[in-house]
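Please read the structure below before turning to the comments.
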Amino acid sequence: MSQVNAKVTLKPAYLDIAGACNFVALGESTLQELVREDKFPKPRKLSGRRVGWLVRELEEWAESRPVSDQLPPENTGAKKPAPRSSSH
């Protein structure tokens, strides 16, 4: 009988500030400002000197953001320059 090696990837429950910033595409100073203004989930105390953001709350916050009226810029149709080849 052979064993199957299955790799299981678990979704984290908490993220540190860098992870929370990456998750919601914000800079640290913006995230901290939103927390101070009660416009972003507050971190949870994980231990004596460690905090983390609950991923579920980050997801809820992200999903609550309004749809933007600002569209991406139009493609100008300009050709991109060809990559330079190095000649020896």
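All figures in this text were calculated on a predicted structure; none of them were measured in a lab.
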* To do: Given side-chain contact (heavy atoms from CB on, under 4.5 Å), test Arg50 with Lys45 step by step and report yes or no.
  => CA-CA 6 Å; Arg50 183 109 170 129; Lys45 189 171 187 175; over 6 Å; no

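- Side-chain atoms of Trp53 and Ile17, non-hydrogen and from C-beta on, do get closer than 4.5 Å to each other.
- When every heavy atom of Pro12 is checked against every heavy atom of Val55, the shortest pair comes out as O-CG2, 3.3 Å.
- Judged by distance alone, the side chain of Lys42 and the main-chain N or O of Val35 form a donor-acceptor pair under 3.5 Å.
- Between Phe40 and Thr30, every side-chain heavy-atom pair lies at or beyond the 4.5 Å cut-off.
- Between Leu58 atom CG and Leu31 atom CG the span is 8.0 Å, to the nearest 0.5 Å.
- Using a cut-off of 4.0 Å between Lys/Arg side-chain N and Asp/Glu carboxylate O, Glu59 and Lys11 are scored as salt-bridged.
- Residues Tyr14 and Val51 form no side-chain contact, since every pair of their non-hydrogen atoms from C-beta on lies 4.5 Å or further apart.
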* List the steps, then state whether side-chain contact (heavy atoms from CB on, under 4.5 Å) holds for Trp61 with Leu34. => CA-CA 12 Å; Trp61 179 87; Leu34 290 173; 4.3 Å; yes

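- Linking ILVMFWY residues whenever their side-chain heavy atoms come closer than 4.5 Å, directly or via other members, leaves Leu54 and Val24 in distinct clusters.
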